[in-house]
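All residue numbers refer to positions in the sequence shown, counting from 1.
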Amino acid sequence: SKPTSSGQKAAACCESGRTARPRLAFASLRPALASAAKKIAPQRASSLAHCAAKHSIMQLNVGTSDKKQYRLITLDNGLECLLIHEPPAEEEVDDEEEESETGSDDGSDDGDDETQRAACAVVVGVGSWADPEDTPGAAHFLEHLLFLGSKKYPAENAYDGFLAKRGGSSNAHTDVEHTSYYFDVLPGAFREALDIFAQFFVSPSFNPDMVAREVNAIDNEFNETRRDDAARLDELLYVAGAPVGHPFATFTWGHAESL
């Protein structure tokens, strides 16, 4: 999870507002089992995208009860994207049609409904198993640094500040083979939020002045998780059960000493 604006601790809050337990090194086995279940049971009545073996082009299986609209596109740079649209409920559509005929009370035409959100997630195909041997936790550390400004938006709090003023939130997590970054915001502010977000992957600032602070943030995360018995048990199982040389036996969380 990425640090708060103060950089002294990690923001582990998901969109639901609940605090999630930070994952030590390889997280727990539950997310991995859930992911495996989706891969071997594509007939479940839920929408999911998976990579086809041929040409690595995404294909989509949509459950019959799923009313969302999906579109798969490939950008000019080769990036594969899944677009998802959830139409409003029928009664909301009727209300909107009536309002369009009579006009809105406040004269606003931004179209934002505070019960709806626009969201974006980017999954990068590199995770903590790619850490250099002499720098355990490097992928997690990079996840933290990425949010701290870009060439186009150099202000450290430009991203979080923009989202906070427009009903949004953001977070990220580092897994063993991929890193995910995501945000949500009111629909009327989505385009600008997306531009700020995209610049982290185009030209991140990686300000050297912030390195020591973010190392401290990761160290705080690690020390907080050390007191979690469930996380300690998970780590013990990984290390004790992994063969010699297996990535499961490596330390991927990171702390002040390893970084």
Side-chain angles (χ1 to χ4, degrees), residues 1-37 121-148 156-157 159-160 169-183 200 204 206-259:
S1 56
K2 74 182 185 67
T4 59
S5 57
S6 66
Q8 298 304 309
K9 61 180 180 179
C13 295
C14 300
E15 293 178 8
S16 63
R18 295 178 296 177
T19 300
R21 176 172 62 86
R23 295 175 297 171
L24 182 58
F26 299 104
S28 92
L29 293 175
R30 288 186 294 273
L33 292 175
S35 176
V122 169
V123 180
V124 181
V126 177
S128 54
W129 279 356
D131 286 349
E133 292 185 5
D134 59 348
T135 316
H140 186 197
F141 182 50
L142 179 62
E143 174 215 307
H144 276 238
L145 290 179
L146 202 68
F147 281 100
L148 302 178
E156 177 186 345
N157 295 321
Y159 178 56
D160 288 336
S169 63
S170 71
N171 212 328
H173 71 269
T174 303
D175 216 313
V176 294
E177 294 185 306
H178 69 269
T179 305
S180 301
Y181 304 85
Y182 45 91
F183 74 89
F200 293 140
F206 291 144
N207 190 338
D209 295 337
M210 301 176 184
V211 169
R213 192 189 69 185
E214 293 312 311
V215 168
N216 185 58
I218 289 180
D219 194 60
N220 287 342
E221 284 187 12
F222 173 72
N223 287 323
E224 289 174 4
T225 308
R226 289 177 64 183
R227 296 189 290 270
D228 189 311
D229 288 341
R232 293 164 66 90
L233 178 59
D234 284 345
E235 193 68 9
L236 178 62
L237 291 174
Y238 292 135
V239 174
V244 176
H246 193 280
F248 270 133
T250 61
F251 174 63
T252 58
W253 182 271
H255 51 36
E257 183 178 351
S258 71
L259 295 172

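Partners of H178 by side-chain contact (heavy atoms from CB on, under 4.5 Å), not counting sequence neighbours, listed by chain and number: V123, H173, D175, S180. Partners of L142 according to the side-chain contact (heavy atoms from CB on, under 4.5 Å) rule, which considers only residues two or more places apart in sequence or in another chain, are F206. Remark: A121 pairs with Y182 by the side-chain contact (heavy atoms from CB on, under 4.5 Å) rule, at least two apart or across chains. Evaluation of the side-chain contact (heavy atoms from CB on, under 4.5 Å) rule for P132 yields D134, T135, A138 as partners, not counting sequence neighbours. For the ring pair (Phe, Tyr, Trp, His ring centres under 6.0 Å) test, no residue two or more places apart in sequence or in another chain qualifies with F141.
If you take CG on N216 and CG on L259, they are separated by 11.5 Å, rounding to the nearest 0.5 Å. For the atom pair OG1 (T225) and CD (E235), the distance works out to 10.5 Å, reported to the nearest 0.5 Å.
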Practice problem: Quick one: do Y181 and N171 satisfy side chain to side chain contact (heavy atoms under 4.5 Å, CB included)? Show the steps, please. | Solution: CA-CA 6 Å; Y181 304 85; N171 212 328; over 6 Å; no
Practice problem: For the pair F183 and S169, evaluate side chain to side chain contact (heavy atoms under 4.5 Å, CB included) and give the outcome as yes or no after the intermediate values. | Solution: CA-CA 6 Å; F183 74 89; S169 63; over 6 Å; no
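The two residues G137 and D131 come nearest to each other via the heavy atoms N-OD2, 2.9 Å. Closest approach of T252 to S128, counting heavy atoms only: CB-CB, 3.4 Å. G254 and F222 make their closest contact through O-CB, 3.7 Å (heavy atoms, listed as atom of the first residue, atom of the second, distance).
Checked by atom type and distance alone, the side chain of N223 pairs as donor or acceptor with a backbone atom of D219 at under 3.5 Å. Counting only distance, with no hydrogens or angles, the side chain of D228 and the backbone of A231 share a donor-acceptor pair below 3.5 Å. In this structure a side-chain-to-backbone donor-acceptor pair under 3.5 Å is present from R232 to R226.
The shortest side-chain heavy-atom distance between F251 and S258 falls under the 4.5 Å cut-off.
E221 and H255 form no side-chain donor-acceptor contact under 3.5 Å, judged by distance and modelled atom types alone. Counting only N and O atoms by type, the side chains of E143 and T179 include no donor and acceptor under 3.5 Å apart.
Ring centers of F200 and F147: under 6.0 Å apart, within the cut-off.
Put simply, the residue from L145, L146, L148 that forms a side-chain contact (heavy atoms from CB on, under 4.5 Å) with P204 is L146.
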